[in-house]
Every structure is written in C-alpha cells, then in structure tokens.
Amino acid sequence: MTDLVDFVIAQHGGARLWENAQTITAAVNVHGAFWPYKGQPNLLGVESVTADLRQQRIAMHPFGEGNTLHFDAEQDLVTITDADGVTVDELSSPRTSMAGYQGDTPWSATQMGYFISYATWTYLAEPFLFTLPGMECEEVEPWEEDGETWRRLQVTFPTPMASHSKQQTYYFDTATGMQRRLNYDVEVNGWAKVGHYTSEHKDFDGLTVPTRRRVLLRNEDNIADHTFCAILLDVDNVQLHA
C-alpha cells in the first residue's frame, strides 16, 4: 500500500463503502468498431453486470440474444448460458487458447467473452482492486498532460487474476485523486499498447465512479492517439451489495 492508494480510495468514496460489500452491479454500454472487427458484431451492447468483489467472477447479460456470459478466474472458465441457464458454449483456459494472437486475429464468442468479462471486472473493482491480496502497488514518477500533473501508480497483478497485462499504470489527478487514465499492453490482442482514459465521474450513493471510458492506442513515447477510439464503455447504475 502507498499513500497514493489511500488518497485515491478516500477520494472515490472511502474504504468503509467496500468493507462489507460482496458484489457490485452496474449497467455498462459496450460499443465501438473493435467488436465487429474481431468478428463478433452482435454480442455486446447495454450489459447488466454483476461482479464478485472477493474473487474474480462476473456475469454479463445479454451476451447475444437472450444469453448470459459468465467468467470465473479460479476455474479459468468462460461459460455462455441460455435463458434457461443451460450451457450453450464454454471455453476452459481461455488465455491459453489465445496465445500468439495478433491485432487482426478474429475471436470466438467465448474468447470475446473472456476479454470483456475480465476487463469489466477489473474496471468495476477499481480502486478497491489495489487492496486485494497479492496486488503490488508502487508510486512512480508523475506525468504531465493537458497542462495537468497526474500521479501514477504502477500495479502488478497476481496470478491467477486475469488482466490485460500483468503490469499496468494508473494515472490520478494530483488535486482531486480522480482516475484519469491507465496504461496496459493487451496480451491477447498482439500486445497492443493502450492509453485508456476515464472521465465523467459520478456519485452513486457515496461511491465515485468514472462513467466514461475511452480506449485509445498509444505510441512508444506514451502519447495516446485521440483521433480514433475503437472501444467505448459507458457506465451507469453502479451499486455495492453486502
């Protein structure tokens, strides 16, 4: 733990909100050109999401017409069930199945489900995420952007927690503690270098959440390309549940 983690959690609502919470629910609108480009244009939209905060487990509905997506990191299993709860598709060891994939490699429905489910779980768990067992956090040198100074937190994810890359960097406004950006390299998509911007923070019963997420590519100089955004997420109706 660092003083930056303490500051950020306090500014996003405080640790007490998370103490007794077991799950978090939200409505997440997932859109952008990325999904049809990867071969799955009709699986995602406005998703009703339920995520377990004590282990990496998440469900998203609808995933395609009438189906529900499930991911359990401990089991390393993606499952798609129909309206009756019957399994219609599943994939064990999803990351292994995507080894060596490049940016133009198409994904199956379960591989797409793996990507969006672990990513959404990570986003909804922030910043409580930094306090979970096995997480390693270190403040690194600050970053200047748009005339602002952002403090940066380098985070190393433990195994078997699924994430875009084992090491990621979070950016927080120095004055407000609000999350502004995060960097990662997407292992399952050809190690694409990403600058992921978060904004439009809103209060949900005391919990402050960035409701606008825009995923951009970044170059070797850590400059993000703001001329095109292929992945967009809009978050609403966030609630913690005991």
Side-chain angles (χ1 to χ4, degrees), residues 2 4-18 21 23-32 34 44-51 53 56 58 60 115-132 135 137 139 142-155 157 163-165 168-184 186 194-218 222 224-226 228-241:
T2 72
L4 178 55
V5 171
D6 293 337
F7 174 58
V8 166
I9 290 177
Q11 294 302 102
H12 284 76
R16 283 187 175 275
L17 285 175
W18 301 91
T23 61
I24 187 169
T25 58
V28 182
N29 184 16
V30 184
H31 52 119
F34 177 79
L44 294 164
V46 179
E47 303 294 318
S48 177
V49 180
T50 300
L53 291 170
Q56 194 176 28
I58 186 170
M60 303 178 67
F115 175 81
I116 191 58
S117 58
Y118 80 68
T120 303
W121 182 91
T122 302
Y123 305 152
L124 291 179
E126 297 163 356
F128 172 73
L129 175 73
F130 306 140
T131 69
L132 293 178
M135 295 291 288
C137 301
E139 185 169 3
W143 174 258
E144 303 286 336
E145 186 165 337
D146 291 336
E148 299 177 351
T149 300
W150 298 342
R151 294 175 69 180
R152 298 198 295 175
L153 187 72
Q154 185 173 282
V155 175
F157 287 74
S163 57
H164 292 305
S165 52
Q168 301 181 30
T169 305
Y170 288 77
Y171 296 61
F172 301 96
D173 185 277
T174 298
T176 67
M178 294 297 101
Q179 183 178 314
R180 301 298 302 275
R181 173 179 169 175
L182 63 148
N183 282 5
Y184 46 79
V186 189
V194 164
H196 178 138
Y197 285 76
T198 55
S199 61
E200 298 188 16
H201 293 74
K202 294 183 181 179
D203 181 279
F204 296 94
D205 294 327
L207 178 66
T208 302
V209 176
T211 62
R212 177 184 169 96
R213 292 178 171 270
R214 299 296 182 261
V215 180
L216 311 176
L217 294 177
R218 73 180 202 277
N222 201 32
D225 180 4
H226 289 267
F228 179 69
C229 179
I231 299 178
L232 306 91
L233 293 91
D234 301 299
V235 181
D236 201 2
N237 299 329
V238 182
Q239 295 183 5
L240 292 170
H241 305 269

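This is a predicted model, so every value here is computed, not measured. In what follows, every heavy atom counts, from backbone to side chain, and hydrogens, waters and symmetry copies are set aside.
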Gln239 side, atom CD; Asp205 side, atom CG - distance, nearest 0.5 Å = 6.5 Å

Got a donor-acceptor contact below 3.5 angstrom from the Ser117 side chain to the Ile58 backbone?
-> no

Taking every heavy atom of Asp203 against every heavy atom of Gly206, the minimum-distance pair comes out as OD1-N, 3.1 Å

Got a salt bridge between Glu145 and Arg180, using NZ or NE/NH1/NH2 to carboxylate O under 4.0 Å?
-> no

State, with a plain yes or no, whether a side-chain heavy atom of Val8 is found less than 4.5 Å away from one of Gln179.
-> no

Looking only at heavy atoms, which two atoms of Cys137 and Thr2 are closest? And how far apart?
-> O-CG2, 3.6 Å

With side chains defined as the heavy atoms from C-beta onward, is the minimum distance between Thr198 and Tyr171 less than 4.5 Å?
-> no

Does any N or O in the side chain of Arg151 come within less than 3.5 Å of the main-chain N or O of Pro142, such that one atom is a donor and the other an acceptor?
-> no

For the residue pair Tyr170 and Glu126, confirm or rule out a side-chain donor-acceptor distance under 3.5 Å.
-> yes

Would a line drawn from the ring center of Phe157 to the ring center of Tyr118 be shorter than 6.0 Å?
-> no

Under 3.5 Å, is there a donor-acceptor pair between the side chain of His164 and the main chain of Asn183?
-> no

Distance col, row Thr23:OG1 vs Leu53:CG, nearest 0.5 angstrom, shows 6.5 Å

Does the side-chain contact (heavy atoms from CB on, under 4.5 Å) test come out yes or no for Leu17 and Phe204, once each step is laid out?
-> CA-CA 11 Å; Leu17 285 175; Phe204 296 94; over 6 Å; no

Test item: Glu200 and Val235 side chains (from C-beta on) under 4.5 Å apart, heavy atoms = no

Could you walk me through whether Gln154 and Glu139 pass the side-chain contact (heavy atoms from CB on, under 4.5 Å) test, one step at a time?
-> CA-CA 6 Å; Gln154 185 173 282; Glu139 185 169 3; over 6 Å; no

Are Asp236 and Arg212 close enough for a salt bridge, meaning some N to O gap below 4.0 Å?
-> no

What heavy-atom pair brings Leu216 and Phe228 nearest, and what distance separates the two atoms?
-> CD2-O, 3.5 Å

Contact summary for Ser163 and Gln168, nearest pair of heavy atoms | CB-NE2, 3.5 Å

Please examine the side chains of Val238 and Thr211, heavy atoms only from C-beta on, and report whether any two atoms are closer than 4.5 Å.
-> no

Specify the closest pair of heavy atoms between Thr149 and Thr174, including all atoms of both residues, with the distance to one decimal.
-> O-OG1, 2.7 Å

Phe7-Phe172 aromatic ring centre distance below 6.0 Å = no

Distance (rounded to the nearest 0.5 Å) between Thr176 OG1 and Trp150 CH2 | 10.5 Å

Are the side chains of Ile24 and Leu207 in touch, meaning some heavy atoms are under 4.5 Å apart?
-> yes

Heavy-atom pair with the smallest gap, counting every atom of Ile9 and Ala15 | CG2-N, 3.6 Å

Report the C-alpha distance between Thr208 and Gln11 in whole Å, list the side-chain angles of each, state the deciding distance to 0.1 Å, and finish with yes or no for side-chain contact (heavy atoms from CB on, under 4.5 Å).
-> CA-CA 8 Å; Thr208 302; Gln11 294 302 102; over 6 Å; no

Close side-chain approach of Asn222 and Trp143, heavy atoms under 4.5 Å | yes

Straight-line distance of Arg181 CZ to Ser199 OG, nearest 0.5 Å | 13.5 Å

Hey, could you give me the CG/CG distance between Leu233 and Leu124, rounded to the nearest 0.5 Å?
-> 9.5 Å

Between the CG atom in Leu4 and the CG atom in Asp6, the distance rounded to the nearest 0.5 Å is 9.0 Å

Apply the test side-chain contact (heavy atoms from CB on, under 4.5 Å) to residues His226 and Arg214: give CA-CA distance (whole Å), side-chain angles for both, the deciding distance (0.1 Å), then the verdict.
-> CA-CA 9 Å; His226 289 267; Arg214 299 296 182 261; over 6 Å; no

